[in-house]
S.K.: 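One structure coming up, written as structure tokens, with questions to follow.
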Amino acid sequence: MKLKFIISILWIFYIQSFYELQARKLLQIEGTNKEIKEFFENLKIPYKSDTIFTFLISPGVAARIEPLVNMVITSLQKEGIKNDIIIFVISNKKKAGEKYLKKMNFKGDYQLVIGEEFLKFFEFKNGISKPPFIPPFLTKFSVSKGELLSSFSLWGAKIDTLNIRAFIKDFSCPKTKKIVSADLLRIKRKESKIVILKKVKLLESDEYPLSFSRSISYSPSKNYLAITDKITLSIYIFDLNTGKFINHLAPDSLEHHRFIKLPPETYSSYKELFRSMYFNHCFYNDSILLIAATLPSVEEKNEIVHYRNVACFVEKNIFSNKPLKINPFPFSFEIETLSYTFNHVDASFIPETKLIFLPFCKGSLKENLQEISLKENPFRKEFYEKDLYQFGIFNFEGEFIGFLGRLSKYFEDLKIGYSIAPEGLVKFYNEDYYTTDRYSGKIYKYDKGFNLLDSISVFEINLLIPNINYEKEPVRYALEVVEKNFYRYIVDFLVNDDVCYVLLRERKIPFLYKIDLKDSKIKKYLLPTQLKKEKINYYLLDKRNKDVVIIALLENPYETFYCEVKIAK
């Protein structure tokens with residue numbers, strides 16, 4: 001008996017057709033043909049033909065989609081494609097990339113780990129993600145010309161015969177000109193000097209090599225560090241005094257099978273598609289970690305296998321992988337009845353009050369706006385008449401408590417609703433909550449009863465509306481709005497007496513803002529992205545005695561260091 005397989009995944013934008021997906025595409029930068037040709041020649045592959053099919057995969061960016069790669073390969077082969085099919089895993093950490101390839105068991109003719117440097121020849125157009133963190137792409141290249149012939153995003157794609165055939169026939173050679181901002185060139189010469197207060201080499205395990213770190217947290221005593229690895233979407237625990245690897249936390253069998261209701265033979269047929277994942281986390285104390293998790297929910301009804309992802313709150317002892325608590329958030333099971341949902345991936349945990357804040361989101365967007373109801377269509381005024389919250393509040397049992405905040409007027413005025421708004425950050429200082437949606441440049445202060453007390457302006461946005469008819473090209477319009485207006489992102493902030501420190505990125509460039517809350521004056525410090533030959537990534541702000549420090553990871557292809565740094569006086 002042949003079963004049908006249905007995947008239910010919540011996306012703000014869910015696009016299906018091949019031509020609609022071109023709004024999210026990979027573009028080759030003009031003038032890079034020679035370098036790309038040399039890249040393919042240096043691989044020393046005996047190509048069967050000049051045209052090759054390649055998958056570009058930045059692991060962990062779209063982990064639910066990555067298992068579909070083999071399905072696409074099978075579809076290509078059914079259409080008679082005999083050209084080389086090559087899997088490129090994009091990671092500067094070769095050990096982690098090779099471990100990932102071994103686990104995924106892709107069917108490509110060649111499977112290679114390549115550095116992020118390859119992506120400098122391309123631009124990814126979707127307004128949010130930027131290389132090296134792109135969703136999986138199926139691409140087609142001419143080896144002799146070093147030319148990208150076509151690109152097809154698997155993110156939100158419907159993998160069917162029509163879309164695969166359209167990709168095979170497409171030779172549009174998508175290109176773009178490289179635009180370098182004069183402002184960015186100017187500020188690169190004014191980097192602030194930083195002082196490293198603490199540097200510890202993380203002694204990663206051979207079995208669990210680190211790739212890029214998605215999020216980090218540390219224990220109250222500052223003795224332990226937790227890192228969500230972007231490739232495995234599991235958590236690695238380190239001793240911050242010695243750098244020693246302590247434990248690997250990942251969903252165990254109990255967690256993975258908690259919501260799976262399939263006969264053994266059916267489960268065996270589909271098990272590679274079911275992913276259990278860990279995302280944001282926070283230490284409750286020196287031994288207990290609070291984790292935002294995604295667990296698979298699968299059941300068979302009327303010869304159809306239904307697969308959805310359940311958002312969960314998990315507690316674990318960092319010295320054991322056995323879960324102490326697994327609580328699903330109730331909205332995971334109310335997809336059919338709710339007009340909104342929450343982004344548990346960007347969860348903020350507040351141990352002091354035992355509350356969890358999840359960014360609120362609702363709406364949908366397709367090329368044919370007639371397919372969307374008025375209340376789900378961000379281009380209609382009905383969308384903004386109710387349910388415009390910023391966060392949902394839950395307790396540590398996963399139970400819903402209430403709502404907090406409101407969607408920024410920027411998103412309403414630009415008619416993009418929650419396209420990027422379902423991100424956010426909540427902190428707790430001096431018995432008050434501070435919140436931000438990360439993109440609109442505002443931080444809001446609430447008391448413990450969730451009454452709004454004040455706001456802090458980090459940056460202003462001068463609204464730029466693209467010259468695109470959103471009724472005819474809604475997806476392209478929305479993506480251009482994001483690209484033009486929301487290129488700054490608040491990574492973390494800290495309120496210390498009458499000063500608010502904000503760690504942010506402007507495009508790819510990190511800054512530290514120091515805001516005087518008495519007069520609103522802002523001092524800006526441009527942070528270096530390289531220290532000698534090592535890349536430095538900034539994650540958190542914290543206090544060490546009287547200093548406000550930035551928590552960062554210093555990385556090269558072979559090593560990762562935990563660092564505490566401050567601006568040199």
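From a predicted model like this one, the values you see are computed outputs, not experimental measurements.
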S.K.: So, taking the atom named OH in Y218 and the one named CD in E564, what distance separates them when rounded to the nearest 0.5 Å?
M.R.: 8.0 Å

S.K.: Could you walk me through whether S297 and K261 pass side-chain hydrogen bond (donor to acceptor under 3.5 Å, both in side chains), step by step?
M.R.: CA-CA 8 Å; S297 173; K261 302 174 183 177; over 6 Å; no

S.K.: Is the count of non-hydrogen atoms from other residues, nucleotides or ligands lying under 6.0 Å from K271 atom NZ greater than 12?
M.R.: no

S.K.: Are E255 and K316 within salt-bridge range, i.e. N to O under 4.0 Å?
M.R.: yes

S.K.: Taking ring-ring contact (aromatic ring centres under 6.0 Å, His included) as the definition, give me every residue that meets it alongside Y224, ordered by chain and number, with sequence neighbours left out.
M.R.: F319

S.K.: Considering non-hydrogen atoms only, spot the tightest contact between K93 and E559 and give its length.
M.R.: NZ-O, 3.8 Å

S.K.: Output the distance between atom OH (Y539) and atom OG (S215), rounded to the nearest 0.5 Å.
M.R.: 8.5 Å

S.K.: Ring centres under 6.0 Å, that's the criterion: do F274 and Y307 meet it?
M.R.: yes

S.K.: Do K199 and F561 meet the cation-pi criteria used here (NZ or CZ under 6.0 Å from the six-membered ring centre, within 45° of the axis)?
M.R.: yes

S.K.: Could you walk me through whether I318 and N247 pass side-chain contact (heavy atoms from CB on, under 4.5 Å), step by step?
M.R.: CA-CA 7 Å; I318 63 171; N247 202 7; 5.9 Å; no

S.K.: Hey, is CZ on F171 packed in by over 12 heavy atoms from elsewhere, all under 6.0 Å?
M.R.: yes

S.K.: Looking at every heavy atom in both S217 and L540, which two are closest together, and how far apart are they?
M.R.: CA-CD1, 4.4 Å

S.K.: Is the closest side-chain heavy-atom distance between Q111 and V89 below 4.5 Å?
M.R.: no

S.K.: I'd like to know if the side chain of N92 reaches the main chain of G115, judged simply by a donor and an acceptor atom lying under 3.5 Å from each other, with no hydrogens or angles considered.
M.R.: no

S.K.: Should the pair E35-K37 be classified as a salt bridge under the 4.0 Å nitrogen-to-oxygen rule?
M.R.: no

S.K.: How about F55 and P136: do any of their side-chain heavy atoms sit closer than 4.5 Å?
M.R.: no

S.K.: Just so I know, are the side chains of T294 and H344 near enough to count as touching, which here means a heavy-atom distance under 4.5 Å?
M.R.: yes

S.K.: To the nearest 0.5 angstrom, please state how far the CD1 atom of I57 sits from the CG atom of L138.
M.R.: 10.0 Å

S.K.: Are any side-chain N or O atoms of N83 and backbone N or O atoms of I52, one a donor and one an acceptor, separated by less than 3.5 Å?
M.R.: no

S.K.: Whether the side chain of R308 engages the backbone of V298 through a donor-acceptor N/O pair (distance < 3.5 Å, no angle test) should be reported.
M.R.: no

S.K.: Is the side chain of N343 donor-acceptor paired with the backbone N or O of E423 at a distance under 3.5 Å, no angle test?
M.R.: no

S.K.: Do N70 and F106 have side-chain heavy atoms sitting under 4.5 Å apart?
M.R.: yes

S.K.: How long is the span from the OG1 atom in T161 to the CG atom in N163, to the nearest 0.5 Å?
M.R.: 9.5 Å

S.K.: Between F39 and F141 (judged by ring centroids, cut-off 6.0 Å), do the two rings come close enough to count as a pair?
M.R.: no

S.K.: Hey, mind stepping through H248 and S205 against side-chain hydrogen bond (donor to acceptor under 3.5 Å, both in side chains) and telling me if it holds?
M.R.: CA-CA 9 Å; H248 169 245; S205 160; over 6 Å; no

S.K.: Would you find a donor on one side and an acceptor on the other, under 3.5 Å apart, between the side chain of E204 and the backbone of L210?
M.R.: yes

S.K.: Run the ring pair (Phe, Tyr, Trp, His ring centres under 6.0 Å) check on F238 and Y562 step by step: do they pass?
M.R.: CA-CA 10 Å; F238 293 91; Y562 167 87; over 10 Å; no

S.K.: Take I231 and S91, measure what side-chain contact (heavy atoms from CB on, under 4.5 Å) needs, and give me the verdict at the end.
M.R.: CA-CA 9 Å; I231 286 185; S91 175; 4.2 Å; yes

S.K.: Using a strict 4.0 Å threshold on nitrogen-to-oxygen distance, state whether K175 and E147 make a salt bridge.
M.R.: yes

S.K.: Do K145 and D50 sit within salt-bridge range, that is, some charged N less than 4.0 Å from a carboxylate O?
M.R.: no

S.K.: Could I get the full list of ring-ring contact (aromatic ring centres under 6.0 Å, His included) partners for Y489, not counting sequence neighbours?
M.R.: Y439

S.K.: Quick check: does any side chain N or O of S268 sit under 3.5 Å from a backbone N or O of E265, one acting as donor and the other as acceptor?
M.R.: no

S.K.: Do the ring planes of F40 and F88 sit parallel (below 30°), tilted (30 to 60°) or perpendicular (above 60°)?
M.R.: tilted

S.K.: Mark yes or no for whether H256, through its side chain, and D252, through its backbone, hold a donor-acceptor pair below 3.5 Å.
M.R.: no

S.K.: Quick one: do S151 and T139 satisfy side-chain hydrogen bond (donor to acceptor under 3.5 Å, both in side chains)? Show the steps, please.
M.R.: CA-CA 4 Å; S151 70; T139 56; over 6 Å; no

S.K.: Is it the case that the side chain of S49 and the backbone of T51 share a donor-acceptor pair, with hydrogens and angles ignored and the cut-off at 3.5 Å?
M.R.: yes

S.K.: Return the OG to CZ distance between S75 and R165, rounded to the nearest 0.5 Å.
M.R.: 10.5 Å

S.K.: Are any side-chain N or O atoms of R505 and backbone N or O atoms of P510, one a donor and one an acceptor, separated by less than 3.5 Å?
M.R.: no

S.K.: In this structure, are over 12 heavy atoms from other groups packed under 6.0 Å from E117 atom CD?
M.R.: no

S.K.: Would you check if I36 and Q28 make a side-chain contact, meaning some heavy-atom pair closer than 4.5 Å?
M.R.: yes

S.K.: In the structure I gave you, are the side-chain heavy atoms of I29 and E123 within less than 4.5 Å of one another anywhere?
M.R.: yes

S.K.: Are side-chain heavy atoms of T228 and I216 found at a separation under 4.5 Å?
M.R.: no

S.K.: Is a donor on one side and an acceptor on the other found under 3.5 Å between the side chain of Y470 and the backbone of R476?
M.R.: no

S.K.: With side-chain contact (heavy atoms from CB on, under 4.5 Å) as the test, would you mind laying out the steps for L202 and I227 before giving the verdict?
M.R.: CA-CA 11 Å; L202 301 181; I227 297 178; 3.7 Å; yes

S.K.: Contact between K535 and L554 at the side-chain level, heavy atoms closer than 4.5 Å - yes or no?
M.R.: no

S.K.: Is the NZ atom of K48 crowded by more than 12 outside heavy atoms at less than 6.0 Å?
M.R.: yes

S.K.: Should Y538 and L527 be marked as a side-chain contact (heavy atoms from CB on, under 4.5 Å) after you check the CA-CA gap, both sets of side-chain angles, and the distance that decides it?
M.R.: CA-CA 9 Å; Y538 305 92; L527 301 173; 3.8 Å; yes

S.K.: Consider side-chain hydrogen bond (donor to acceptor under 3.5 Å, both in side chains). Of N280, D229, T232, which one does R214 pass it with?
M.R.: N280

